[in-house]
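Counting begins at 1 with the first residue of the sequence.
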Amino acid sequence: MKNRILICMWALLLTACQQPTVYVFSENLQDEQRKQLDAALKAQNLPYEYVALEIPSTFGEATLLLSSDKIYPKETEQLAIIMQELGYQPEINYTTRSNHFYGDGNIGFYLKNAVAGSTFVMPKKLRTTQCSEDKYNDLLVTITDKYADFTLPSGAVVRLGWEFLYSYVVIYYKTYSQTYSHSQPLVTTPFGAKPSDTYTFTAHVNLPSWLDCSLQIVYMD
């Protein structure tokens, strides 16, 4: 009788300690996106593993694959929020116990870079943000096919050439350039979290100071 009780207690402990694993698949994420993803995965409460396999072509940009035999709503919501904060709208798919990855409530986390493999389109208007000098925040930057026009605090407009090169936006000034990585995070506003296109500068420049800024557009509608 005593042994039977011990066996039951041991089984209960094993059940209580079991946690699903999140299997993370990613493709073509930019450095800033990968850093955000790593930080967010560390902050959530499930164990996770990166898997070095291609994402199926039938999957969208952001997919959560759940085990149909056991679903964890709270944890699934946490993972969906991570995708949304990176600028993606997650799709939920279900799989069966026959898939060895996804038995016992394990979760597949699939994320593709939205820009990779498609024609890059730069927003027509951006604003400077995260500037090293505050007076240069919120300057208007107007984008055309070849040029980025910076409207300075004085009202003067400076026209610079730009291009999209190896997944980075590059703006040229005299003999050097400023390079920006693209991401699509949600941005906190007085009207709630809103999607954005954000171009984060990858290195500081001394002059001109108005080029030592990131660029961003927040979509309010």
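Every residue two or more places apart in sequence or in another chain was checked for a ring-ring contact (aromatic ring centres under 6.0 Å, His included) with Tyr180, and none qualifies.
The two residues Gln33 and Asn28 make their nearest non-hydrogen contact at OE1-O, 4.5 Å. Of all the heavy atoms in Thr202 and Ser181, the pair that sits closest is CG2-N, 4.0 Å. Considering all non-hydrogen atoms of both residues, Ser214 and Thr200 come closest at OG-CA, 3.4 Å. Across all non-hydrogen atoms, the minimal contact from Arg127 to Leu140 is NH1-N, 3.6 Å. Closest approach of Ile217 to Lys125, counting heavy atoms only: CD1-O, 3.5 Å. The shortest non-hydrogen separation linking Ala62 to Met83 is CB-SD, 3.7 Å.
With hydrophobic clusters built from ILVMFWY side chains whose heavy atoms lie under 4.5 angstrom apart, Ile82 does not share a cluster with Leu186. Val157 and Leu160 are not part of a single hydrophobic cluster, where members link through side-chain heavy atoms under 4.5 Å apart. Phe109 and Ile81 are members of different hydrophobic clusters when ILVMFWY side chains are connected at heavy-atom separations under 4.5 Å.
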| task | Could you give me the CA-CA distance, side-chain angles and deciding distance for Asn93 and Tyr110, then say whether side-chain hydrogen bond (donor to acceptor under 3.5 Å, both in side chains) is met? | result | CA-CA 11 Å; Asn93 290 338; Tyr110 297 82; over 6 Å; no

| task | For the pair Ser209 and Glu133, evaluate side-chain hydrogen bond (donor to acceptor under 3.5 Å, both in side chains) and give the outcome as yes or no after the intermediate values. | result | CA-CA 7 Å; Ser209 297; Glu133 293 187 35; 2.8 Å; yes

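No more than 12 heavy-atom neighbours from other residues, nucleotides or ligands sit within 6.0 angstrom of CD on Glu77.
Inter-residue side-chain proximity for Lys194 and Thr189 is flagged as met; some heavy-atom pair is nearer than 4.5 Å. Side-chain contact between Ile171 and Glu163 is absent, with no heavy-atom pair separated by less than 4.5 Å. A heavy-atom distance below 4.5 Å is found between the side chains of Glu75 and Asn45. Between Pro123 and Tyr219, the closest side-chain pair of non-hydrogen atoms falls below 4.5 Å. By the 4.5 Å heavy-atom criterion applied to side chains, Thr179 and Val169 are not counted as neighbours. Side-chain contact check for Tyr72 versus Lys70: some heavy-atom pair is nearer than 4.5 Å. Considering only heavy atoms from C-beta on, Pro195 stays 4.5 Å or farther from Gln184 through its side chain. Side chains of Phe150 and Trp210 form a contact here, defined as non-hydrogen atoms less than 4.5 Å apart.
Separating the CG atom in Leu111 from the CD1 atom in Ile55 is a distance of 7.0 Å, to the nearest 0.5 Å. Taking CD1 of Ile92 as the start and OG1 of Thr76 as the end, the distance is 6.5 Å to the nearest 0.5 Å. From Met220, atom CE reaches atom OG of Ser196 across 11.5 Å, with rounding to the nearest 0.5 Å. Taking CG from Leu37 and CG from Leu29, the interatomic distance works out to 6.5 Å, rounded to the nearest 0.5 Å.
Among pairs with a residue in residues 42-55, none fulfils salt bridge (Lys or Arg N to Asp or Glu O under 4.0 Å), at least two apart in sequence or across chains. Here side-chain hydrogen bond (donor to acceptor under 3.5 Å, both in side chains) pairs that include residues 142-151, with residues two or more places apart or in two chains, are Asp149-Arg159.
Remark: side-chain polar atoms of Thr128 are paired, donor with acceptor, to backbone N or O of Leu139 under 3.5 angstrom.
A donor atom on one side chain and an acceptor atom on the other are not found under 3.5 Å apart for Asp212 and Tyr136.
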